Asks: 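Attaching a single structure in structure tokens format; questions to follow.
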Amino acid sequence: MVKELALSTKLVYQPNDDIYNASVAPLYQTTTFKQKSVSDLGQYDYTRSGNPTRTQLESQLASLMKADHAYAVNSGMSCLDVISRLIKQGDEVIAGDDLYGGTHRLLTFLHKNGSIKLKHIDTTNTELVLKSVTASTKFIFLESPTNPLIKVVDLPAISKYIRKNYPDCIIVFDNTMMTPLLLSPLDYADIQYESATKYLNGHHDIMAGVIATRSKKLADDLFFVINATGCGLAPFDSWLLLRGLKTLSIRFERQQANTVKIANWLESIGLTVRYPGLKSHPQYELHKSFNKGFGAVLSFETGSIKKSEIITEGTKIFGVTVSFGCVNSLISMPCRMSHASIDEKTRKERNLPEDLIRLCIGIEDADDLIDDLKTALLKSGLVSESSTGKIFVNSVSKL
Ligand SMILES: *Cc1c(COP(=O)(O)O)cnc(C)c1O
């Protein structure tokens, strides 16, 4: 048997069958392809239906995601839009209650329209999930670790239960936070999708999404929607994503190493940090049991919205932006930014702290990042510096 290549190799080893042997797969920046004859359409005819640059990307993604079929579309939310069109009128759908803000927004919209019957539950509570899934549940949408609360969903246990008892229920998993490097969701789920805007591309210069499956039937249905709606990823963006992918493993390794350092530092000065790579995380063991790493997103509370604002705005190297996965480090207050589309009442119900700060760590020097945070934390008054240079938290009140 031929040994399978490691993902880090597959990321840079991108064979293509260009007629000139171009080292980099060529960009087919064209919408149409001429036909040999009126009846002979050839492999490609119109870029909405297919384009060689997108095919190149999709075959690489399928291999990375251990999928039989992968599709590149024009954003992470497009993935969800495509998948949600497979839901039939009135189908019951279960979704996590700490999902990405945009996911929550689209699913809630479909629910209010009467297209789906949505039940939001805490999917990190495995017992509750097992109790909630019934024969009428047609889809379940999961994400782990959740963002920004960094809660871990027991994907293997939920999958095992559903596959045994309700094999027709389609398990959909959003793997944006872990990437194919750390988790192969298709071992547990029927459909995997990721916002490639984040780590897969890594440079915050394109929007893209990827959907993958091992089922021919699901693949055909997904492709039908992609072709019918025209959300396939544009050739140039496909080409850029192919380029971004090459450095995924080295970027993400560095980002994770930096995050571990920063998480430990924040914890050492007395803050409560949410990061699955910390032994203090209540689901540290669970996370480790099915993921190959801890990712590069963490969050912490300050006890004061004002202080959180000063810290967020007081950093220099960290960009104040929504999103994550970029080579640059980012800082945000999710309730004011990425999760503002969830209304305040719902945020409260889900224990989403208004003062929460989220850090998405990039590839800069970790000590520079820590110094930057130190300056901002001191400025906010949340921490003080002793005469020996030791940083310590003054006090954190629970909001
Ligand atoms: C960003 C994100 C999305 C949406 O992706 P876009 O590319 O921004 O449309 C979906 N899920 C998660 C977990 C995300 O972080």
Side-chain angles (χ1 to χ4, degrees), residues 57 61 65 70-84 95-110 120 123-124 140-153 155 172-183 185 189 191-212 226 229 231-234 237-238 240-241 244-245 248 252 255 259 274 276 287 291 294-299 319 321-326 330-332 334-335 337-342 350 352 356 358-362:
L57 170 67
L61 288 166
M65 295 176 151
Y71 299 110
V73 295
N74 53 30
S75 73
M77 290 327 299
S78 259
C79 297
L80 181 65
D81 180 36
V82 169
I83 296 162
S84 70
D97 68 358
D98 185 23
L99 295 177
Y100 176 71
T103 306
H104 175 263
R105 176 170 49 196
L106 181 55
L107 291 177
T108 304
F109 172 79
L110 294 171
H120 272 299
T123 47
T124 62
I140 179 162
F141 287 83
L142 302 170
E143 194 181 308
S144 182
T146 63
N147 152 36
L149 293 180
I150 322 289
K151 294 198 290 184
V152 179
V153 170
L155 177 62
V172 183
F173 191 81
D174 178 341
N175 195 39
T176 307
M177 287 277 274
M178 290 291 103
T179 84
L181 289 177
L182 304 190
L183 176 62
I191 301 176
Q192 157 185 10
Y193 73 96
E194 286 182 29
S195 166
T197 312
K198 315 288 169 57
Y199 296 109
L200 299 186
N201 181 60
H203 295 77
H204 276 187
D205 49 14
I206 59 161
M207 306 282 309
V210 181
I211 315 173
I226 294 166
T229 58
C231 63
L233 192 62
D237 288 353
S238 299
L240 282 173
L241 182 50
L245 278 174
L248 172 62
F252 205 33
Q255 285 174 287
T259 313
R274 299 168 196 248
H287 179 87
N291 295 277
F294 303 106
V297 176
L298 65 83
S299 61
T321 104
V322 295
S323 197
F324 60 88
C326 185
L330 315 172
I331 187 166
S332 69
C335 289
M337 300 165 64
S338 53
H339 291 63
S341 60
I342 302 173
R350 293 189 192 163
L352 202 60
L356 196 72
R358 187 182 77 176
L359 300 181
C360 307
I361 306 301

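In this chain, numbering begins with 1 at the start of the sequence shown. Just so it is clear, the structure is predicted and the values come from calculations on it, not from any experiment. Atoms within a ligand are numbered from 1 in the order they appear, just like the ligands themselves.
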Asks: Check side chain to side chain contact (heavy atoms under 4.5 Å, CB included) between Thr197 and all other residues, then give those that pass, not counting sequence neighbours.
Replies: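 Counting only residues at least two positions away or on another chain, Thr197 forms a side chain to side chain contact (heavy atoms under 4.5 Å, CB included) with Ser195, Met207.
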Asks: Give me the pairs of N or O atoms, one from ligand 1 and one from the protein, that sit under 3.5 Å apart.
Replies:
unit_1	atom_1	unit_2	atom_2	d
ligand 1	5 (O)	Ser195	OG	3.1
ligand 1	7 (O)	Gly76	N	2.8
ligand 1	7 (O)	Ser195	OG	2.8
ligand 1	7 (O)	Thr197	OG1	2.6
ligand 1	9 (O)	Gly76	N	3.0
ligand 1	9 (O)	Met77	N	2.9
ligand 1	11 (N)	Asp174	OD2	2.6
ligand 1	15 (O)	Lys198	NZ	2.6

Asks: Find out whether Thr124 and Val153 are in side-chain contact, i.e. whether some heavy atom of one side chain is under 4.5 Å from a heavy atom of the other.
Replies: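 Yes, their side chains come closer than 4.5 Å.
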Asks: Quick one: does Leu80's side chain get under 4.5 Å of Phe141's, heavy atoms only?
Replies: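 In short, these two side chains touch, coming nearer than 4.5 Å.
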Asks: Can you list the residues that meet the side chain to side chain contact (heavy atoms under 4.5 Å, CB included) rule with Cys335, with sequence neighbours excluded?
Replies: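 Expected list: Arg347, Leu352, Glu354.
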Asks: Determine yes or no for a side-chain-to-main-chain donor-acceptor pair under 3.5 angstrom, with Ser238 supplying the side chain and Leu57 the backbone.
Replies: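 Flag not set: sc Ser238 to bb Leu57 has no pair under 3.5 Å.
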Asks: Please identify each residue that fulfils side chain to side chain contact (heavy atoms under 4.5 Å, CB included) with Ser323, with sequence neighbours left out.
Replies: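 Applying side chain to side chain contact (heavy atoms under 4.5 Å, CB included) to Ser323 gives Lys198, His204.
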